[in-house]
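Contents: one structure, followed by commentary.
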There are 2 protein chains.
Amino acid sequence: MIKKLTSFKEAEKKVFSKIDSYVKNKIKIVPLIDAINKVSAEEIIANENLPYFNKAAMDGYAVIAEDTYGASYTNPIILELSNDVEHGKAKKVFTGDPIPDNTNAVIMKEFCREENGLLEIYKTVHPNENVAKIGEDVKKGDVIINKHEKITPYHINLLASLAIKEIAIYDLKFGIIATGDELEDLENANLEKLKRTKKIVNSNSYMLYALIKDLGFDGKIYGIVRDDKDMLKEMIKKALKENDFIITTGGTSVGDRDLTVKAIKELGNIILHGVNIRPGKPFGLGEVNNKLIFLLSGYPVASAVQFELFIYRYFLKRKSVVLPLKRSLASELGRVDFVRVKIDSGVEPIRISGSGVITSLVKCDGYILIPENVEGYEKGEMVEVFIL
Amino acid sequence: MIKKLTSFKEAEKKVFSKIDSYVKNKIKIVPLIDAINKVSAEEIIANENLPYFNKAAMDGYAVIAEDTYGASYTNPIILELSNDVEHGKAKKVFTGDPIPDNTNAVIMKEFCREENGLLEIYKTVHPNENVAKIGEDVKKGDVIINKHEKITPYHINLLASLAIKEIAIYDLKFGIIATGDELEDLENANLEKLKRTKKIVNSNSYMLYALIKDLGFDGKIYGIVRDDKDMLKEMIKKALKENDFIITTGGTSVGDRDLTVKAIKELGNIILHGVNIRPGKPFGLGEVNNKLIFLLSGYPVASAVQFELFIYRYFLKRKSVVLPLKRSLASELGRVDFVRVKIDSGVEPIRISGSGVITSLVKCDGYILIPENVEGYEKGEMVEVFIL
């Protein structure tokens with residue numbers, strides 16, 4: 001039985017500080033190529049400007065801008081082509097080429113004519129014109145990637161450009177245990193039989209495994225444990241040995257079937273059980289042998305939301321945008337509501353008939369969180385949408 | 001030399017139809033668990049309703065709603081607890097449990113009191129109240145996932161729930177060849193030496209590899225080929241044998257260094273070279289031995305944009321949202337502009353000083369495409385933002 005609900009803020013603080021103390025030693029350094037789409041475990045500061053030399057931003061000729069002043073089609077200026085540029089000279093360059101140190105502009109080839117080692121120029125260029133200046137992309141000292149930011153292909157380009165070859169990521173493994181007599185393994189699942197026996201597939205384990213992979217971590221599915229406390233305890237002990245974290249799905253709802261909570265109490269401690277959020281209220285956190293166990297619901301949407309709020313968001317904040325609400329939204333003081341939304345010239349909450357509706361997570365663009373100190377939002381209020 | 005630019009629409013059509021004919025036989029069927037975040041190569045239609053039986057949406061008691069009419073705290077109705085429900089009876093259920101066939105509602109346990117096999121009910125429930133009805137999540141015949149949709153953890157849950165164990169994905173391998181005397185391998189890169197020699201790291205190959213991985217495909221980096229046509233031809237021949245597609249980066253800019261184009265012409269055909277887009281104009285497509293070669297720029301942003309428009313978008317359309325522009329944007333008739341934007345109560349184009357600024361791709365929320373038949377957008381116009 002959940003006695004009293006913990007507020008979302010307090011729950012988040014407890015969970016995140018527990019994860020914090022666990023993961024700080026679970027870091028590995030990997031080559032860039034193995035870090036794609038993973039969570040950066042470090043902040044990286046630019047060790048140099050990028051570019052680190054002045055470059056041509058167009059195909060053309062590097063010149064001293066002042067040499068071109070007054071040039072026109074009727075009054076062209078003539079420069080000598082050369083590899084070393086001084087006044088009166090120009091050097092042919094392609095986009096991306098370094099320009100000679102004493103040049104300060106590139107005149108596009110469209111405004112020149114080359115003949116016999118000489119260059120006719122028909123247009124004035126100004127200092128810095130068509131030049132990609134030192135530090136234009138990244139300044140030495142800039143943050144290239146933050147701790148807990150997803151390492152995208154574009155980050156990889158920046159890091160490689162600065163000759164940074166490795167990056168720290170988290171080295172974590174999650175074990176997933178599903179509980180419930182109503183569950184059937186996917187491998188053995190036959191739809192006609194499932195309908196007849198009113199059983200359901202252990203689909204949550206697959207979703208949770210996918211979410212763990214999406215964060216860039218390793219996962220292992222331990223299958224289904226029947227509603228039997230001793231069998232569950234044995235499975236938890238086994239999974240604890242092989243993983244950094246355990247996730248259970250099912251067996252946490254309020255009522256007579258709180259087997260997971262009971263099993264963990266006998267093995268260690270329940271740190272938290274029951275959070276004032278909707279959906280996802282029966283979320284729990286346990287600790288056994290200094291390892292953490294996340295107790296998620298058996299209901300698909302509830303478990304997806306609990307994973308998002310207490311695991312995914314610890315490691316990775318979703319990209320978010322701030323936009324006006326298209327209709328008002330009611331909530332309850334003290335409770336945090338997770339509201340799936342579409343973005344369509346504003347934020348449109350999705351009308352959902354039931355919390356089992358996983359389709360709503362497929363079809364939404366993201367979600368908003370109505371904080372606990374707010375009774376709801378008015379139409380037109382600006383809200384932060386986290387893009388899924 | 002690029003003689004005449006192809007319009008974006010025509011280029012896209014040519015490229016996509018070439019990819020189409022190549023990839024239609026490059027499909028493999030994999031277990032769900034191996035398909036996470038990959039591109040679905042098939043449309044999957046729901047073979048059954050989900051849920052496929054009526055379920056309790058709350059902890060409580062399954063009842064025949066009509067039996068509760070008129071119940072109140074002052075005038076409770078008493079039902080008998082039983083596993084088989086008929087009029088006058090109720091069955092205890094937890095969230096997610098099937099409810100007996102002839103029941104049509106669940107009364108929440110908060111409004112009941114159980115004693116000695118009897119249930120006191122203090123509230124009327126209506127038919128379908130607190131019931132997750134058959135087909136509430138997915139209706140038989142609904143599309144669960146479209147061809148060329150990313151297979152998310154939530155799709156995996158839906159597919160597993162319907163006992164669908166496998167899914168078709170594309171089985172593709174991309175070889176990446178970088179060209180240019182100015183490039184240095186990442187492994188050997190030393191920043192001080194790079195500054196002194198004015199060389200740059202072959203960072204594009206890593207970014208392109210990451211983008212290929214992000215699409216769920218295999219990639220192989222073939223390193224750097226110096227500006228030598230014969231060496232390039234040899235490398236292309238080798239990579240063609242080992243891959244489905246080749247991507248080259250560098251060597252496509254207009255001018256004296258069109259080595260890649262020349263090499264491919266000697267090995268096969270150039271289908272396309274030069275597209276009226278900005279950035280990314282020097283994009284090309286070649287065909288050798290019925291395999292495709294994508295010719296991307298050496299400039300980081302240009303190559304990222306070319307990959308996005310001609311490869312990524314073929315396989316996967318980004319999630320998009322339609323929002324008003326916060327300031328006007330100029331373009332050129334006939335040209336498609338790729339504009340990086342932030343979303344902040346509307347769409348804010350990012351002011352960029354140069355096309356080498358890869359940071360802009362890290363910092364933007366997404367991009368808009370200004371079509372070729374439009375000279376620009378006015379402030380306030382609704383535009384489609386593709387979320388990166």
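Throughout, a chain's letter reflects where its sequence line sits, starting with A, and its residues are numbered from 1. Hydrogens, waters and symmetry mates play no part in the numbers below; they use all other heavy atoms, side chains included.
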Do the side chain of B:K165 and the main chain of A:N188 share a donor and acceptor less than 3.5 angstrom apart?
no
Counting heavy-atom pairs under 4.5 Å to chain B, which of A:N157, A:V362, A:N190, A:I156 comes out on top?
A:N157
B:I99 versus chain A, heavy atoms under 4.5 Å apart: side chain, backbone, both or neither?
backbone
Is a salt bridge present between B:D101 and A:K198, judged by a nitrogen-to-oxygen distance below 4.0 Å?
yes
B:V357/A:E136 under side-chain contact (heavy atoms from CB on, under 4.5 Å): CA gap, chis, key distance, verdict:
CA-CA 7 Å; B:V357 179; A:E136 176 187 86; 3.6 Å; yes
Counting heavy-atom pairs under 4.5 Å with chain B, the top scorer among A:S203, A:A189, A:A160 is A:S203
Does any part of the side chain of A:E192, heavy atoms only, come nearer than 4.5 Å to the side chain of B:Y52, both counted from C-beta?
no
Count the heavy-atom pairs under 4.5 Å between each of B:N47, B:V138, B:L361, B:L162 and chain A, then report the option with the highest count.
B:L361
Do you know which of B:N130, B:N204, B:I151, B:V131 has the most heavy-atom pairs with chain A at a distance under 4.5 angstrom?
B:N204
If you round to the nearest 0.5 Å, how far is CD1 of A:I358 from CD1 of B:I144?
12.0 Å
pair B:D365-A:K319: side-chain heavy atoms closer than 4.5 Å:
yes
Name each donor-acceptor pair under 3.5 Å that joins a side chain in residues 206-218 of chain B to protein atoms two or more places apart or in another chain, with its distance.
unit_1 : atom_1 : unit_2 : atom_2 : d
B:Y206 : OH     : B:E187 : OE2    : 2.5
B:D214 : OD1    : A:N37  : ND2    : 2.7
B:D214 : OD2    : B:Y312 : OH     : 3.4

Between B:L194 and chain A, which part of the residue has a heavy atom less than 4.5 Å away: side chain, backbone, both or neither?
both
Relative to chain A, which of B:P51, B:G96, B:P324 shows the most heavy atom pairs under 4.5 Å?
B:G96
Under 4.5 Å from any heavy atom of chain A, what part of B:I33 do you find: side chain, backbone, both or neither?
both
Contacting region of B:K199 [heavy-atom separation from chain A under 4.5 Å]:
backbone
Residues forming a salt bridge (charged side-chain N to carboxylate O under 4.0 Å, His left out) with B:E184, sequence neighbours excluded:
none
Counting only heavy atoms not in A:R278, do more than 12 sit closer than 6.0 Å to its CZ atom?
no
Between B:A35, B:P98, B:A132, B:P31, which shows the greatest number of heavy-atom pairs under 4.5 Å with chain A?
B:P98
When rounded to the nearest 0.5 angstrom, what is the spacing between CG in B:L323 and CG in A:L323?
5.0 Å
So what's closer than 4.5 Å to chain B heavy atoms on A:L186: side chain, backbone, both or neither?
both
Should A:Y299 and B:K55 be marked as a side-chain contact (heavy atoms from CB on, under 4.5 Å) after you check the CA-CA gap, both sets of side-chain angles, and the distance that decides it?
CA-CA 11 Å; A:Y299 238 42; B:K55 285 179 176 186; 4.2 Å; yes
Among all residues two or more places apart in sequence or in another chain, which pass the side-chain contact (heavy atoms from CB on, under 4.5 Å) test with B:K326?
B:D344, B:S345, B:E348
Sorted by number, residues from residues 380-388 of chain B in contact with chain A (heavy atoms, under 4.5 Å)
B:M382, B:I387, B:L388
